[in-house]
Amino acid sequence: MRFPAEPFRIKVVEPIRFVAREERARLLEKAGLNIFLVPADSIYIDLLTDSGTSAMSDQQWAGLMVGDESYAGSRNFYRLEKTVRDITGYRHVIPTHQGRMAENLLFSAMVRRGQIVPNNCHFDTTRANVEAQGAEALDLVIEEGLDPVADHPFKGNVDVGKLDRLLSANGRAKVPLAMITVTNNSGGGQPVSMANVRAVREACGRYGVPLFLDACRFAENCWFIKEREPGYAEKSVREIARELFGLADGCTMSAKKDGLVNIGGFLAFNADALEEQVVNLLLRVEGFPTYGGLAGRDLEGMARGLGEVLDEDYLGFRVGQVRHLGETLDAAGVPSVKPVGGHAVYVDARRFLPHVPQAQFPGQVLVVELYREFGIRAVEVGSLMFGHKDPQTGQDVYPKLDLVRLAIPRRVYTSEHMRYVAESVIATHLRRESLRGLKLEYEAPVLRHFTARLREFEPAAAGT
Ligand code: P70
C-alpha cells in the first residue's frame, strides 16, 4: 500500500479554512443541501473535481511572464503547437478555452442529424455536444466496466464485438467517427489498453471510420499501460503516448486535467480537409487560431504542463496517491469501485447505505455528511445527477449505481490531507446506520443536480 513520496516541494502556500461545524451546517441549509451551492472558501478539502484545480509548477508560473499577447502569431502558440505535435504526432493543433469547445468544433464539423457516435462512455459534455447535432451518443464499454466489483486491469476498454456489429450494420454514412475516452471518466477513471485501442482502430479502419480520443487524462492512461500491459514496462510514458495517439486520427483535450493548467484545451488531428471547417467555426465562436479563446500566457502554461505531466516520477506519485486512498478505504471495509481509477476514488453509496433507498439519494446523503462533519466536498454521481421521470410512464428511473466521487486535484493535497479524508470517510462508515435519506424540494427540468434543493427526512419519517 506504499507509493512514492511527492516529487516536488512546496514554495507557495494557499491557506485553507476549517470553518466551525455550526457554520458548515448553516451553509448547507442555505444551499438546500446542494454542495455546488456552498462557497468554496468554506470548504477544507475540495474533491469536487480534478479539472482546472491543479497546482502549477514554478516553471509554469515563470512561463506566464513570457506570455506574448499578440492577437496573431503569438510565440506561445508555436510552442504549444510543437509540444502537442511532439506528443501526439498530429499536424493540426487548434487551441480552445476548454475541452467542451474542442468537442463542439469537432462534432459541428463532422456529425449530422440521425448519425451515431460510439465511445466507451461519453462524458456528459461530449454526450451533450453529440446530441446537440441531433445525433446519438452510444456507450460501448465492456461488461466489466459497468460492474463496480469486477476486477479487470482495463475496465475502460471498448466492446469491440459490439462496435464491429454497429459499424457493419451502419457503415460510415451513419457513423461519422468513433471516440475513446482515456481514461474512462464516466466509468470510474478506468484505463483503456493499447491492444483495445488497436482493435478499435482496426475495426474502424475496415469501414473507413475515423477514430478520435477524448484525451483529458491521457498521461494517467499511459501510466496504467506501462504498469499493467505486457510489453510496455520498459517503454517511456512519452513513447507509449505517441503510440496511443498514433492509433487515432485526432483528439479532443481538456488541458484542465492532464495539461496541469487551470484553463485550456485543444483539438488536434491530421486531416487537412477538417482544418478549414474547424477554423471557420473557431473564428466565429472562439477566436483567432493562434489563441483559441485563451491568453498567450495560458498557452505557455499549457505547453509547459503537457511536458511535465509525462514525468514518470510525477505519474508514479499521482496514480499512487489516488490508489492509496482507495486501498485505505477498502482495507477498512468501505465499498468502492475497483480497481481504483486514475484521478478519483468512487465510493459505492448503495452498498455504504443499504438502508437508504435510491429514491432518497444515498450518494447525496454521504456528500452532505462529509461536508457537515468534516469540511470535505465530494460529488454525487448517481440518482440525483442521473435520475429522471420516464416521459412515457411517469415513473422515476434511477441509474444502476449511486456513487460518490472523491476526485483528487493534481499536486495540490499532501498525504496528510489524504489521510484526513480516509479517516473521515471511515468514521462516517462506522456510524452509517444513523444517516437518513433526503427528499427533493426543488428540481430544474435539465441538469437538476447543479441547482436542486433537498431536505432531510425527519427521524420518524425515515425509510418511509
Ligand atoms: C470532471 C470534469 C470534464 C471532461 C471530462 C472528459 C472525459 C471532457 C470533459 C470536459 C467536469 C466536472 C464534473 C463535475 C464537477 C465539476 C467538473 N470533466 N471529457 O470533473 O472538459 O470541462 O474542459 O470542458 O472528464 O470530470 P472541460
Side-chain angles (χ1 to χ4, degrees), residues 34-38 40 43 46-54 94-107 117 119-132 137 139 141 145 156 158 179-192 212-221 250-268 285-286 292-294 298 301-302 305-306 322 337 341-346 363-364 367 371 377-382 384-386 403-410 412 447-452:
N34 185 338
I35 203 77
F36 282 98
L37 306 180
V38 172
I43 285 161
D46 199 349
L47 307 182
L48 182 68
T49 178
D50 65 319
S51 179
T53 51
S54 300
I94 312 281
T96 58
H97 77 277
Q98 61 184 83
R100 65 198 72 181
M101 179 53 83
E103 295 159 12
N104 183 346
L105 295 170
L106 178 67
F107 300 143
V117 177
N119 200 329
N120 42 1
C121 290
H122 287 268
F123 180 68
D124 314 19
T125 58
T126 325
R127 173 175 300 281
N129 275 301
V130 168
E131 289 174 355
D139 290 350
V141 71
V158 175
M179 296 214 49
I180 309 179
T181 307
V182 293
T183 57
N184 188 25
N185 184 16
S186 305
Q190 301 292 336
V192 181
F212 278 74
L213 301 176
D214 178 340
C216 305
R217 299 178 178 87
F218 75 97
E220 289 164 8
N221 198 98
C251 69
T252 57
M253 175 78 190
S254 167
K256 297 171 74 172
K257 286 84 168 168
D258 274 350
L260 297 176
V261 285
N262 306 117
I263 195 75
F266 58 83
L267 172 62
V285 299
E286 185 80 328
L294 292 165
D298 297 329
M302 195 162 34
L306 286 166
V322 177
V337 175
H343 65 293
V345 173
Y346 291 72
Q364 190 64 12
V367 167
Y371 178 66
R377 173 154 70 175
V379 68
E380 192 255 18
V381 185
L384 184 60
M385 192 179 270
F386 299 122
L403 301 176
V404 171
R405 184 178 79 166
L406 305 166
I408 315 300
R410 294 169 182 76
V412 170
L447 296 172
R448 67 179 183 181
H449 53 288
F450 289 122
T451 52

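Whatever order the structure lists them in is the order used to number ligands and atoms, beginning at 1. Small disclaimer: the values here were computed from a predicted structure and weren't measured.
Each of Thr125, Thr126, Asp124, Asn120 was evaluated against His122; a single residue qualifies, Thr126, per the side chain to side chain contact (heavy atoms under 4.5 Å, CB included) test.
Ranking the protein heavy atoms by distance from atom 9 (C) of ligand 1 puts Phe123 CD2, 3.4 Å first.
When the heavy atoms of Met385, Met179, Arg405 are ranked by distance to atom 14 (C) of ligand 1, first place goes to Arg405. Ranked by closest heavy atom to atom 10 (C) of ligand 1, the top entry among Asp214, Thr126, Thr125 is Thr125.
Residues Asp298 and His97 bring no donor and acceptor atom of their side chains to less than 3.5 Å of each other.
Residue Thr49 has at least one nitrogen or oxygen atom sitting less than 3.5 Å from a nitrogen or oxygen atom of ligand 1, judged on distance alone. Here's the thing with Asn185: one of its N/O atoms is less than 3.5 angstrom from an N/O atom of ligand 1.
Near Thr181, the atoms of ligand 1 lying under 4.0 angstrom from a non-hydrogen atom of the residue are 7 (C).
Residue Gly265 places every heavy atom at 4.0 Å or more from ligand 1. In this structure, Lys257 has a heavy atom closer than 4.0 Å to ligand 1.
Only the side chain of Lys256 comes within 4.0 Å of ligand 1, judged by heavy-atom distances.
Under a 4.0 Å N-O distance rule, the pair Lys257/Asp50 does not qualify as a salt bridge.
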